[in-house]
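As structure tokens, the structure follows; a few thoughts come after it.
Chain A is the first sequence line, chain B the second, and so forth, proteins listed ahead of strands; every chain is numbered from 1. All values below come from the heavy atoms of this structure, side chains included, with hydrogens, waters and symmetry mates left out.
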Amino acid sequence: MQGLMQTDWGLFGDDHLRLMLCILLLPLMAFAVQIFFGAKLPRRGDWLPTVAMGGAFVLALSLFMTAVQHPDPTLFLHSARPPADEDGLAWNWLWSKGTPGKGNFVFAILFDNLTAVMLLVVTLVSFLVHVFSMGYMKGDPRYPRFFAYLGLFSFSMLGLVLTSNFLFLLIFWELVGLSSYLLIGFWFEKPSAANACKKAFLTTRVGDTGMLIGMMMIWWNFRTFDFVEIFEKAGQAVIANGGVPPGWMTIAAILVFMGPIGKSAQFPLHVWLPDAMEGPTPVSALIHAATMVAAGVYLVGRMFPFFMFAPDAMLVVALVGAFTALFAATIGITQFDIKKVLAYSTISQLGFMVAALGCGALGAGLMHLMTHAWFKACLFLGSGSVIHGMHHEQDMRKMGGLRRRMPITYLTMLASTLAIAGVPLFSGFYSKDAIVAATLHPAPGYESLALPHAGGLLWSLPRLLIPLAALMTAFYMFRLVIMTFHGTPRSGEAERAHESPSNMTVPLLVLGLLAVLGGSPWLFNGDFLGKHIWFNGLVHNPVFDAASGIVSFPEQVGHEGHGWAPLIISLVVAGSGILLAFLFYQWKVFRPEKVAAAIAPIYKAVYNKYWIDEFYLRFIVRPLVFHWNVFCAAFDKYVVDGVVNGVGRTARRLADGQGWFDKNIVDGLVNLAAFLTQVFGAIARIFQTGYLQHYITLLAGGATAVLVIFYWFL
Amino acid sequence: MISALPPAAAIFLAQGTGGESRSLFRDLFGAGSGWGSFASAVLGFAVVFAVASALPVLFTWAERRVSGRMQQRRGPNRVGPFGLVQAVADGVKLMFKEDIIPANAERFLFALAPGLVLAGMIAAFALIPFSERAIVVDAPLGVYLLAALLSLQVLGVVMAGWASNNKWSLLGAMREAAQMVSYEIPMGICLLIGVLSFSTLSLREMSLAQADGWLNVGNWLIFRNPLFAFPAFVVLYVALLANTKRAPFDLPEAESELVSGFHTEYSGIRFSFFFLEEYASMFLVSALAVCMFLGGWNIPFLPGSVVTGSVGAEILAALVLIVKSFALVFVMIWLRWTLPRIRIDQVMNLCYKYLTPIAFVCLIGTCWWELR
Amino acid sequence: MSPVPLHWYLAVAFLLFVLGLLVVLSRRNLIYILMGVELILNASSLVFVAFGSYRGAKGLLDGTVIGTFIVVLAAAEATIALAIVLNIFGTFHSVRPEDPNLLKE
Amino acid sequence: MSAEILAFLVLATATVAGGVVTLWSRYVVHSAFGLMLSLLGVAGFYVLLGSDFLAVTQVVVYVGGVVVLYLFGVMLTPPDREERSIRRIAVAGIFAVAALVVLLKAVFGMEGRWYGVDPDRGPASGGAVIREVGNAFMDKEAYLLPFEIASVLLLVALVGAVFIARREGGRGS
């Protein structure tokens, strides 16, 4: 076992790997039991995946604490791959070469601080969603199956986070897609849900195709899927190319980024996420706020050392992220469905993260991933609670005044809204502040490479878009809160609304608390303001040594702060957004309808989500389907039919020959066999009379004959 | 004369199985194989035949007198003192009556059947130890042989029933066969209890082993092993009752249903054979039960030496055995005039559902008792 | 006083065997056939005991034991066979061995 | 002529006569009684050979049990007065006589191969003592296993007979 975990982490060893394997296998076990025996278990088995996820969370927390508390964590544990003698907790799947290790498809666990953060987020949110679902899904006819799917999703997501191999990451990536498909379409009786799950699956598949091609390019050049090996090889390739990254790496990085575009719902593949709100609300909280959509961000973070070799690709990442952030935020302002608002908010926030990554701020992006997981999961669960309390009414125009009827939901949602708006001392403030700071000083490539700062003015676009998006975020989130909870009830349901049961409010309270404190550096080092980008101490940016070609992850020293500019920008945008929301919706100083009428064409465009869905339908889906049909018909007629007819003719000729053979030779043999059987049967039938006494006579005669031979002839 | 052949053969058979046994008649003629044993067999046959013929005469009188008492009338009291000779007179009458063989009967089997029935009976008498030495054949297989001879009677009865060519006869015979074959099971198990307790098959050795207990009764089987042997004795007595076709188990010859059962067509001397057999078997089975369970020839409260040694003592022992057996026979007569006849299904139920399980429990209990 | 030679017993046993065989072969009634089987079994048992007895005490013991087993076997055989015969009679209303022929042809 | 030889002759006559009756009679009942006679004769032979126990067992089981069973079987089936088929007996007789000849030849041609059997010595004196027979049955070295197997066989036969006999809808249905 030695060699497997020879790290400077003295306490990190075999047992930790076992813990990680347990984290991975607990939900799988829960899924396997639940899908087959769930309906027969007491309470229809809901406790089984919940307890499994709770156990996984406890294990993940202990691992996280180990990672956080260690004074000098090394980010990537290079030796987390299986050793040469394939001893240990690695599973060799495919061996392309005789020598182990290099270029083989090995399932091994890669654990670093990035993984630790993701494990904590996934297990905690998943556990809380399990608990919440006990209340929300109560009475559903497929109640056990829902928990089974949740288990499957958790397993896939954890596998995605834990694997050390790009190929296995793809497998888990698709498994996540599959379980997401199952969960979005959980109420498949509704045509909208059935269509939504198909749409989600197919749209993300567009991105996955690009990612697959990118993977292939990496494989073609490096002959490995192991992340650590990819980074090593990349460094060597740069050295071999004379200190300049080869051009294909930029293309490969952009292609790989297509996966996150699909999975993390970035423009232009964002269209599936709002529709995916057809799934049960806990699913939205788990998949579309905290985990699956974050998988794209995680992938970029995982491949970050690779992306850093391609500043042009980083520019694409940053632009896509920033544009998505603003674009989705504008749509979010106009929506009335509470879950749709949250869906566009999610797209927007994911854009924040992607933009941060594109600007070279790994820590900021992942920190926002974590804080967003807390407050967005809280918001989704809160909206689920509201919908539950409103008897499945989702239109905000029919709500209002729920503050008194659902105080816990209101409080937690308010905390989360303050967090997402970026109000100081709330968790979102720290991460959004870091992102704003990152856009102000983008560092998209390795400094040691001394590449020309590509893009030029384009880099200033995120600086503009991100604060604007943040302002809109504050605005539409407070619009949501005010329309839902403040004022007077605008419908009978709103008057009769009731607070949700405790197994729904407790997860809300936990997540609300995390939304307040979950990003605060105080939680980790007792300091509120001292180290703004404290997360960089947890997730280190990679550094490339151009002389040796080694990518390393040194502990960064310069992360204490980034000046007052981002802080002022954050405060201004948050404050003005909140103020606008109150002016419009609480104090009714301005009438939203009038504003909408004043800018009617723009409003219409935004309200209809810029007609992107219609655009896709008109210019991609329908022509594709039409031309594909034409092509298929022609293909069918000439190629398929031709082949079939050719095969038919050939087969007929062969059959003629075979028929002759069959008739004369095979039949002849068969008839001969039958004839012989008949002959022998006729002989044997003489003795098979069916008369008992004939048999006895034969027996006696035979015995006598034996004795005669014995005594007279022997 | 055909009827007399089987009894003689049976005696010979019994004699032949004697082995190294002691018996009065063997002593007289010099033991060993050859003509000596043949002569002793002939003499034994004569003696046993005489005894086995005399006892039924007595029993028929006793039955009629007892039944008379029970029905508040007198019974035969004209011929001889207390009517004792009445039975003899009846016997003489039977002997001189016309011997009718039905026209469609199987003559040979019809004639053979009474002899066969009697044969087992007479041969069985040879195995009863009247005293320590007053025994015709002391076969080592004693009880086993006795059971075999008793089982032979079934065939005679079936033969008679079939040869008569009469439906009543046949039905009676089949009932008889079913009843006897069934009741052989509890009977055999109860006999096995005696065999187990004394580790011998010989009735004479059993009787000897029951001497000299507490008050000279402590070694009797029913007192020696009261927990299991006493129920076994009761079961055996009931089974023997059924085996001898006595009431309430007299279905085979139920007068009201079958006229007279398997011997409906018999008359004269052949009928007397059946008659003889029935009453002789009453004594025989009683003597068997006495020898096994009730101390044989031993007299209560007197030392065992009283009944051994001299010829007089042996005659006394024989009288004791006969008196004890009479007591059991009296109970049989008593039961006959007390209990109504039971149905055939009740007969079978009693045998298979009650007597056999009880007998098995007693057998296992005796095993425990003897090994304890 | 000369003892009976062993061959006499054997001759009787063989005769009995042949008679049993004849019964089995020639009779057309299942009950007859079973009786013939009994005769055959008895003949073989007699041969066992006779040979055993002419070997001495130990041989006689073995002969007796084997004879007992044959008796047991015959009893079991008779019970089962008669039950089957009665069943055949109940089904086919015949005790001829050739009548139960549902499987024929 | 000794008593033993006389007894043998009488028993042999009875045995063979019983067998012939079984073979030749026109009534099944006669055959059953012939069988009974034959079995009794064999029991007599056992006595002569010194095997009292087997003789008594023969009487109890065969005569008192099996023959009665056959009689029941006869009574429960219709009367079957089949004509004696000389042809069948003749055909069977060929085989039977051949078998007899071969058996006799086998025995009488067995010079020097008697394996400790003295055909002229006579039966074992003293006979088989019942106690020794019992010990042989219970002796691990002798016949304990066959004895236990036989007991199981009897149990199986008992259960089997009951099962077969209680078949639903038997005769007449």
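Residue Val67(D): no heavy atom, backbone or side chain, is found under 4.5 Å from chain C. For a residue to count as touching a neighbouring chain, one of its non-hydrogen atoms must lie under 4.5 Å from one of that chain's; by this rule Leu35(D) touches chain C with the side chain only. Heavy atoms of Ala32(D) lying under 4.5 Å from chain C belong to its backbone as well as its side chain. The parts of Leu22(C) that come within reach of chain D are both its backbone and its side chain, each placing non-hydrogen atoms under 4.5 angstrom from that chain. Proximity to chain C (any heavy atom under 4.5 Å) is shown, for Tyr143(D), by both the backbone and the side chain. Both the backbone and the side chain of Tyr70(D) come within contact range of chain C, each with at least one heavy atom under 4.5 Å from a heavy atom of that chain. Contact of Tyr9(C) with chain D is made through backbone and side chain together, with heavy-atom distances under 4.5 Å. For Leu30(C), no part lies near chain D; criterion is any non-hydrogen pair under 4.5 Å. In this structure, chain D has heavy atoms under 4.5 Å from both the backbone and the side chain of Val49(C). Heavy atoms closer than 4.5 Å to chain C are found in the side chain of Ala136(D), but not in its backbone.
Of the listed residues (Ala75(C), Gly52(C), Ser45(C)), the one with the most heavy-atom contacts under 4.5 Å to chain D is Ser45(C). Listed options Leu25(C), Val65(C), Thr68(C) were ranked by heavy-atom pairs under 4.5 angstrom with chain D; first place goes to Val65(C). Counting heavy-atom pairs under 4.5 Å between each of Leu16(C), Leu73(C), Leu15(C) and chain D puts Leu16(C) at the top. Your options are Ala12(D), Gly41(D), Ala157(D), and the one with the most heavy-atom pairs under 4.5 Å with chain C is Ala157(D). Put simply, of Ile84(C), Val85(C), Leu34(C), Ile66(C), the one with the most heavy-atom pairs under 4.5 Å next to chain D is Leu34(C). Among Thr57(D), Val97(D), Leu69(D), the residue making the largest number of heavy-atom pairs under 4.5 Å with chain C is Leu69(D). Ranked by heavy-atom pairs under 4.5 Å with chain C, the first of Leu54(D), Ile149(D), Thr15(D) is Leu54(D). Note on Gly59(C), Gly63(C), Ala83(C): by heavy-atom pairs under 4.5 Å with chain D, the leading option is Ala83(C). When the candidates Ile31(C), Leu21(C), Ile70(C), Val24(C) are compared by the number of heavy-atom contacts under 4.5 Å with chain D, Ile31(C) comes out ahead.
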Given the rule in the side chain to side chain contact (heavy atoms under 4.5 Å, CB included) test, do Leu154(D) and Val72(C) qualify, once you have shown the distances and angles that lead to the verdict?
-> CA-CA 7 Å; Leu154(D) 281 178; Val72(C) 167; 3.7 Å; yes

Run the side chain to side chain contact (heavy atoms under 4.5 Å, CB included) check on Thr22(D) and Leu19(C) step by step: do they pass?
-> CA-CA 8 Å; Thr22(D) 310; Leu19(C) 284 170; over 6 Å; no

Could you give me the CA-CA distance, side-chain angles and deciding distance for Leu23(D) and Ser26(C), then say whether side chain to side chain contact (heavy atoms under 4.5 Å, CB included) is met?
-> CA-CA 9 Å; Leu23(D) 173 64; Ser26(C) 68; 3.8 Å; yes

After noting the C-alpha distance and the side-chain angles of Ser38(D) and Asn42(C), does the key distance pass the side chain to side chain contact (heavy atoms under 4.5 Å, CB included) rule?
-> CA-CA 9 Å; Ser38(D) 197; Asn42(C) 262 277; over 6 Å; no

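From Met36(D), atom CE reaches atom CD of Glu38(C) across 14.5 Å, with rounding to the nearest 0.5 Å. One finds the OG1 atom of Thr64(C) at 8.5 Å from the CZ atom of Phe53(D) (value rounded to the nearest 0.5 Å).
A 4.5 Å side-chain heavy-atom check between Leu46(C) and Tyr46(D) finds at least one atom pair inside the cut-off. Within the 4.5 Å cutoff, the side chain of Phe48(C) has no heavy atoms near those of the Ser51(D) side chain.
When ring centroids are compared, Phe147(D) and Phe69(C) stay outside the 6.0 Å threshold.
When atom types are taken as modelled, the side chain of Thr79(C) and the backbone of Ala161(D) share no donor-acceptor pair closer than 3.5 angstrom.
Phe8(D) and Trp8(C) have tilted rings, their planes meeting at an angle from 30° to 60° on a 0 to 90° scale.
A pairwise comparison of heavy atoms in Gly50(D) and Leu60(C) identifies O-CD2, 3.6 Å as the closest pair.
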